[in-house]
Amino acid sequence: MQHRSRPEDIKLLVLDIDGTIAGANNEIRKPVIEAIRAAQARGVQVAIATGRMYRSALRFHQIVGSTLPLMAYQGALIQDPATQTVHRHWTVPRPLVLQLLDYFEQPELRSQLYVHFYINDQLYVRELTPETKAYAERSTIQPIAVGDLRTTLATEPTKVLALSDDIALIDRLLGRLQSRYTPAELYLTKSVATFFEATNPLVSKGTAVRYLAEECLGLTAANVMAIGDNFNDVEMIEYAGVGVAMGNAPEAVKAIANWVAPDVENDGTAAAIDAFLL
C-alpha cells in the first residue's frame with residue numbers, strides 16, 4: 001500500500017506496547033526512546049494504544065513522555081493520567097460475559113483456558129495458575145483469585161481474556177466465537193497468539209485513535225501515524241495516514257500496512273520514526 005501522508009502532515013504518533021515498543025525483556029530500548037524524543041522535538045505528539053490494563057500501561061506512557069490520554073484495553077478505557085479524566089469507558093455487557101464464561105467452562109475447554117476478567121482496572125481470575133502468574137509478572141499486576149468468576153459481575157468487565165499456551169486452540173476459539181457473535185455484539189481479537197480477547201462491540205484501537213485524533217486534537221487520519229504488531233492493531237493501522245506493521249507481525253497484519261518495519265528486537269519503531277518523521 002502507498003502511504004497517504006507526507007512527513008510534515010504527521011502530528012500524532014500512536015504506539016502499541018507489546019511487540020512494538022517493548023520486546024521480550026518488557027522494556028523500551030534506548031534507540032526507540034531516542035527516536036520518540038526526536039519526533040516530539042519536531043512537534044509530533046505521542047500516544048499509547050494497548051490491550052494492556054491501564055495501570056500496566058502507565059509506566060510506558062510515562063517513559064515515552066506522552067501528555068495525551070492513554071488508550072488501554074484496546075481503547076475500551078481512554079483516561080488522561082494527568083487529570084484522571086475518563087474520556088471513555090465501554091464495558092462488556094453482563095449477559096454476554098456470562099455466555100462467554102459458560103463457553104470457556106465447557107469440560108473440554110476448562111482445563112486448557114485461563115480466564116481473566118478486568119473490572120475497575122483490577123484483574124480477577126478463577127485461580128492462580130503458572131500461566132496467570134507469568135502474565136501478572138509481565139504486566140506487574142497482582143491478580144485476585146475468586147474461584148467462581150460470576151461472583152465479580154456486580155460490575156461489568158472492561159475486557160474478558162482467555163489465555164492458553166495452545167495457539168491452535170486460541171485460533172479455534174476465535175473462529176467459533178466470531179461465527180457465534182456478530183461484530184455488533186462483541187469485538188473479538190487476538191493481541192498475541194495465546195490471548196483471545198473480548199470487549200464491547202464499539203471498541204477497537206481504531207475507534208480510540210480516531211476519537212483522540214479528531215475529537216480531542218482536531219486532527220484528521222492524514223495527521224496520524226500508528227505502529228503495531230498484531231491483529232488488535234489492524235483497525236488503527238488501517239485508520240492512520242501512515243500505518244506501520246512491525247517485522248514480527250503476522251503476515252495478515254503486514255499486508256494491510258503502508259510500511260513494514262524491522263522487528264521489535266531490532267528497534268523497528270525507531271526505524272519507522274526515522275523513515276517517516278525525521
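Predicted model, so just to flag it, every value in this text is computed and none were measured.
In this structure the side chain of Tyr239 reaches within 4.5 angstrom of the side chain of Val224, judged on heavy atoms. Between Lys11 and Leu217 the shortest side-chain heavy-atom distance does not fall below 4.5 Å. Looking at heavy atoms from C-beta onward, Pro81 lies in side-chain contact with Leu58 at the 4.5 angstrom threshold. Counting heavy atoms from C-beta on, the side chains of Leu100 and Leu186 come closer than 4.5 Å. Using a 4.5 Å heavy-atom cutoff, the side chains of Leu161 and Val115 are not in contact. Side-chain contact check for Leu128 versus Pro143: some heavy-atom pair is nearer than 4.5 Å. Looking only at side-chain heavy atoms (C-beta outward), Val253 and Ile237 come within less than 4.5 Å of each other. Side-chain atoms of Met225 and Val244, non-hydrogen and from C-beta on, do get closer than 4.5 Å to each other.
Hydrophobic clustering (side-chain heavy atoms under 4.5 Å, transitive across Ile, Leu, Val, Met, Phe, Trp, Tyr) groups Tyr181 together with Phe117. There is a path of hydrophobic side-chain contacts, each under 4.5 Å, that joins Leu98 to Leu149. Using a 4.5 Å cut-off between side-chain heavy atoms of Ile, Leu, Val, Met, Phe, Trp and Tyr, with links allowed through other members, Val97 and Leu202 fall into different hydrophobic clusters. Tracing side-chain contacts under 4.5 Å through hydrophobic residues (I, L, V, M, F, W, Y), one reaches Ile17 starting from Val192; they form part of the same cluster. Hydrophobic cluster membership is shared by Leu113 and Leu188, with clusters built from Ile, Leu, Val, Met, Phe, Trp and Tyr side chains linked at under 4.5 angstrom.
Under the salt bridge (charged side-chain N to carboxylate O under 4.0 Å, His left out) criterion, Lys205 pairs with Asp16, Asp233, not counting sequence neighbours. Checked against ring pair (Phe, Tyr, Trp, His ring centres under 6.0 Å), Phe231 has no partners two or more places apart in sequence or in another chain. For His89, there are no ring pair (Phe, Tyr, Trp, His ring centres under 6.0 Å) partners at least two apart in sequence or on another chain. Contacts of Phe104 classified as ring pair (Phe, Tyr, Trp, His ring centres under 6.0 Å), with partners at least two apart in sequence or in another chain: Phe196. For Glu251, the salt bridge (charged side-chain N to carboxylate O under 4.0 Å, His left out) test picks out Lys254, with sequence neighbours left out. The ring pair (Phe, Tyr, Trp, His ring centres under 6.0 Å) test applied to Tyr54 returns no partner, not counting sequence neighbours.
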Practice task
List the steps and the verdict of salt bridge (Lys or Arg N to Asp or Glu O under 4.0 Å) for Arg150 and Glu105.
Solution key: CA-CA 12 Å; Arg150 288 167 185 78; Glu105 291 189 341; 3.0 Å; yes
Problem - Ile144/Gln122 under side chain to side chain contact (heavy atoms under 4.5 Å, CB included): CA gap, chis, key distance, verdict - result: CA-CA 8 Å; Ile144 303 163; Gln122 299 277 5; 3.7 Å; yes
Problem - salt bridge (Lys or Arg N to Asp or Glu O under 4.0 Å) assessment of Asp18 paired with Arg138 - result: CA-CA 10 Å; Asp18 296 282; Arg138 184 170 175 91; 2.9 Å; yes
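A donor atom on one side chain and an acceptor atom on the other are not found under 3.5 Å apart for Glu235 and Ser204. Of the N and O atoms on the side chains of His116 and Tyr124, not one donor lies less than 3.5 Å from an acceptor on the other residue. At a cut-off of 3.5 Å, with distance as the only test, no side-chain donor of Arg180 or Gln99 sits close to an acceptor on the other residue. A side-chain donor-acceptor contact under 3.5 Å links Gln84 and Gln79. With 3.5 Å as the limit, one finds a donor-acceptor pair spanning the side chains of Thr220 and Asn223.
A cation-pi arrangement is present between Lys159 and Tyr118, with the terminal nitrogen or guanidinium carbon under 6.0 Å from the aromatic centre and inside a 45° cone about the axis. Remark: Arg88 is positioned above the aromatic ring of Tyr211, its terminal NZ or CZ atom under 6.0 angstrom from the ring centre and at most 45 degrees off the axis.
Within the model, atoms CD1 of Ile63 and CD1 of Ile28 stand 4.5 Å from one another, a figure rounded to the nearest 0.5 Å. A distance of 10.0 Å separates CE of Met71 from OG1 of Thr50, quoted to the nearest 0.5 Å. Asp165 contributes atom CG, which lies 6.5 Å from atom OG1 of Thr194 (distance to the nearest 0.5 angstrom). Taking CE from Met246 and CG from Asp263, the interatomic distance works out to 7.0 Å, rounded to the nearest 0.5 Å. A distance of 9.5 Å separates CD of Gln112 from CD1 of Ile170, quoted to the nearest 0.5 Å. Considering OG1 of Thr20 and CG of Asn230, their distance stands at 8.5 Å, rounded to 0.5 Å.
Less than 6.0 angstrom separates the ring centroid of Tyr135 from the ring centroid of Phe195.
In summary, Glu137 and Lys133 do not engage in a salt bridge, as defined by a charged side-chain N under 4.0 Å from a carboxylate O. Remark: Glu197 does not engage Lys190 in a salt bridge, criterion side-chain N to carboxylate O under 4.0 Å. Under the 4.0 Å criterion applied to side-chain N and carboxylate O atoms, Glu8 and Arg42 are not assigned as salt-bridge partners.
Contact detail for Val264 and Gly19: the closest heavy-atom pair is CB-O, 3.4 Å. When all heavy atoms of Leu277 and Ala39 are compared, the pair lying nearest together is CD1-CB, 4.0 Å. Taking all atoms of both residues into account, the shortest heavy-atom contact from Leu15 to Ile227 is CD2-CD1, 3.8 Å. Taking all atoms of both residues into account, the shortest heavy-atom contact from Glu127 to Ala145 is CA-CB, 4.1 Å. Taking both residues in full, the closest heavy atoms of Leu212 and Ala47 are given as CD2-CB, 3.6 Å, listed atom of the first, atom of the second, then distance. Residues Gln45 and Leu68 come closest through the heavy atom pair OE1-CD2, 3.2 Å.
In this structure a side-chain-to-backbone donor-acceptor pair under 3.5 Å is present from Thr151 to Asp148. Using modelled atom types, one side-chain atom of Asn258 and one backbone atom of Gly243 make a donor-acceptor pair closer than 3.5 Å. Formation of a donor-acceptor pair under 3.5 Å by the Asp166 side chain with backbone atoms of Leu169 is found in this model. Checking side-chain atoms of Glu265 against main-chain N and O of Ala24 turns up a donor-acceptor pair under 3.5 Å. With hydrogens and angles ignored, the 3.5 Å screen pairs no side-chain donor or acceptor of Gln74 with any backbone N or O of Ser191. In this structure a side-chain-to-backbone donor-acceptor pair under 3.5 Å is present from Arg94 to Leu153.
Considering Asn200, Asp121, Thr199, Thr91 as possible partners of Tyr73, the one that fulfils the side-chain hydrogen bond (donor to acceptor under 3.5 Å, both in side chains) test is Asp121.
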